[in-house]
There are 2 protein chains.
Amino acid sequence: MSVTNTPITSQVSAPVTTGPCGEDDCGIRDVLDRLGDRWTVLVIVELSKGTRRFRELHRAIPGISQRMLTLTTKRLCRDGLVERNAYPTIPPQVDYRLTEMGRSLADTVFGLADWSRDHKNAIAAARDRWDADHPGAEPALR
Amino acid sequence: MSVTNTPITSQVSAPVTTGPCGEDDCGIRDVLDRLGDRWTVLVIVELSKGTRRFRELHRAIPGISQRMLTLTTKRLCRDGLVERNAYPTIPPQVDYRLTEMGRSLADTVFGLADWSRDHKNAIAAARDRWDADHPGAEPALR
DNA sequence: CGGTATCCGATAGGATACTG
DNA sequence: CAGTATCCTATCGGATACCG
C-alpha cells in the first residue's frame, strides 16, 4: 500500500469544507502506513506476548521472509514502538520488545482484532452474497 | 535505546504454540487488507459523517483518483460495510452510506485515529531521533 | 454524473546467496 | 544467529480516454 506522504495535490487553496481526515489529519495516515503492510500487525501481536528473539519472531509468523522481518522490526524501532537489544555473544543474539508506546498501540490494535473476530463471519457472508450477485466481477475486488 | 546491559535472562520459553494471529487468525488480516490501502479509511471517515454522493466523496478526499474511489467503494460494498443506492435519474445519481456494520467499524477506526492523534508527536520525535542516530539509512524505512 | 477500459511507472515483498 | 545484498515480479495506483 505504501501510502507515502500525501501527494502534492493536497495543495488545495480552497479549504475544502470538510477534510476526510484531510487537513486536520489526525496523523492516522502515519499509523496506517505502518499497520497497513502485510506483517507489522502480526509482529506487534507476537511481541505483545513478550520479548522475542529474531528467530522466534521468524518462526512465530509463518510466511514472513527474513528480509521483511528485518524491515518490519526496523521500522517499528524507528517509530519508537519497539526496542531492540543486541547482545554481542557468539552466535549473536538480538531481542525485541514493545516499548510503552508500542504496548498502548497493541491495545488499540486488539480493539481492531476484536472487531475483526466479531464480524469475520458477517463479512464473509457479505462477500459471498456480493460475489453471487456479481458473477464475473473484476478480480481487483478479490 | 540501543544495547542496554540487561543480562540475557530472557528465558526462551515462549511456548505459545499459537500463531501470532497466524493460523487461528482472528480475521484481522481481512480487515487490515481492507484498511491498509491508501484510501479506505478516508472513505469510511468521510461516510461516517453521513450519506455522500460519488462526486462528494471525490471532492472530500483530495488526491484520490476516480478509479481508486470506484474500487474502494466497491470493495466496501462487497464487504457489507457500505451500501450503495443508485437513482436512475438524468444525470445519474448514486450515493453511499455506511451500513450498521460499517458504522461499528468506523467506531473502532476512530479509536485508532485517537491513538494516532495522541502519539503523533511522539512518533515523529522517535523518527527524528532514529534518523539522527542512523545517518544514511535505507530509504526503505522512509 | 458516475462510472469503464487501458496503459504505465513505482514499489512491496518473495527467493536466493552471502557475511560477521 | 541475525542480518545484507541482489534480483525479480506481482500488484497498487495514477493518468488518460471513452461511455450510458
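The sequence lines fix the lettering, A, B, ..., with proteins before strands; numbering per chain opens at 1.
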Could you pull out all residues at least two apart from B:Arg84 that satisfy salt bridge (charged side-chain N to carboxylate O under 4.0 Å, His left out)?
none
How do A:Ser65 and B:Arg53 order along DNA chain C: which one's closest nucleotide is nearer the 5' end?
B:Arg53
Identify every side-chain donor-acceptor pair in residues 63-72 of chain B under 3.5 Å, counting partners at least two apart or on other chains, and give the distances.
unit_1: B:Ser65; atom_1: OG; unit_2: B:Met68; atom_2: N; d: 3.2
unit_1: B:Thr70; atom_1: OG1; unit_2: B:Gln66; atom_2: O; d: 2.9
unit_1: B:Thr72; atom_1: OG1; unit_2: B:Met68; atom_2: O; d: 2.6

Could you list the residues that satisfy salt bridge (charged side-chain N to carboxylate O under 4.0 Å, His left out) with B:Asp131, not counting sequence neighbours?
A:Arg78
Under the ring pair (Phe, Tyr, Trp, His ring centres under 6.0 Å) test, residues paired with B:His134 that sit two or more places apart:
B:Trp130
Taking CZ from B:Arg52 and P from C:dG3, how many angstroms apart are they, rounded to a whole number?
16 Å
Nearest to the A:Asp37 side chain among D:dG13, D:dG3, C:dG13, which nucleotide is it?
C:dG13
Tell me: CG of B:Leu141 to P of C:dG13, nearest whole Å?
13 Å
Taking only heavy atoms on the protein side, list every residue of residues 67-89 of chain B lying under 4.0 Å from any atom of DNA chain D, sorted numerically.
B:Arg67, B:Met68
Rounded to whole Å, the CD1-P distance (B:Ile90 to D:dG20) equals 13 Å
Go through the structure and list residues passing side-chain contact (heavy atoms from CB on, under 4.5 Å) with B:Glu83, not counting sequence neighbours.
B:Asn85, B:Arg97, B:Thr99
Would the distance check show the side chain of B:Thr40 and the main-chain N or O of B:Arg34 forming a donor-acceptor pair, the cut-off being under 3.5 Å?
yes
Axis bend over the full length of the helix from C:dC1-D:dG20 to C:dG20-D:dC1, computed from five pairs that close each end, to 10 degrees
50°
For A:Leu35 and C:dA12, what is the distance between atoms CG and C1' respectively, to the nearest whole Å?
16 Å
Mapping A:Ala140 and A:Val94 onto DNA chain D by nearest heavy atom, which one lands closer to the 5' end?
A:Val94
To the nearest angstrom, the CZ-P distance between B:Arg34 and D:dC12 comes to 10 Å
Considering only C:dC1, C:dG13, C:dG3, which nucleotide approaches the side chain of A:Arg38 most closely?
C:dG13
Walk me through whether A:Arg127 and B:Asp79 qualify under salt bridge (Lys or Arg N to Asp or Glu O under 4.0 Å).
CA-CA 5 Å; A:Arg127 285 181 181 173; B:Asp79 287 354; 2.5 Å; yes
Can you run down the ring pair (Phe, Tyr, Trp, His ring centres under 6.0 Å) pairs that involve residues 90-116 of chain A, sequence neighbours left out, and say none if there aren't any?
A:Trp115-A:His119
Can you tell me which nucleotide in C:dG14, D:dG3, C:dG20 comes closest to the side chain of A:Pro92?
C:dG20
Is there a side-chain contact between B:Leu35 and A:Leu35 in this structure, where contact means two heavy atoms from C-beta onward sitting under 4.5 Å apart?
no
From CD of A:Glu138 across to C1' of C:dA5 the rounded distance in Å is 10 Å
How many whole angstroms separate atom CD of A:Gln93 from atom P of D:dC1?
11 Å
Where the side chain of A:Gln66 is concerned, which of C:dG2, D:dG14, D:dA2 is the nearest nucleotide?
D:dA2
Which pairs count as ring pair (Phe, Tyr, Trp, His ring centres under 6.0 Å) when at least one residue sits in residues 34-58 of chain A, sequence neighbours excluded?
none
Tell me the interatomic distance from A:Ile61, atom CD1, to D:dA2, atom P, rounded to whole angstroms.
14 Å
Walking DNA chain C from its 5' end, the first of A:Ile64 and B:Pro91 to be reached, judged by nearest nucleotide, is B:Pro91
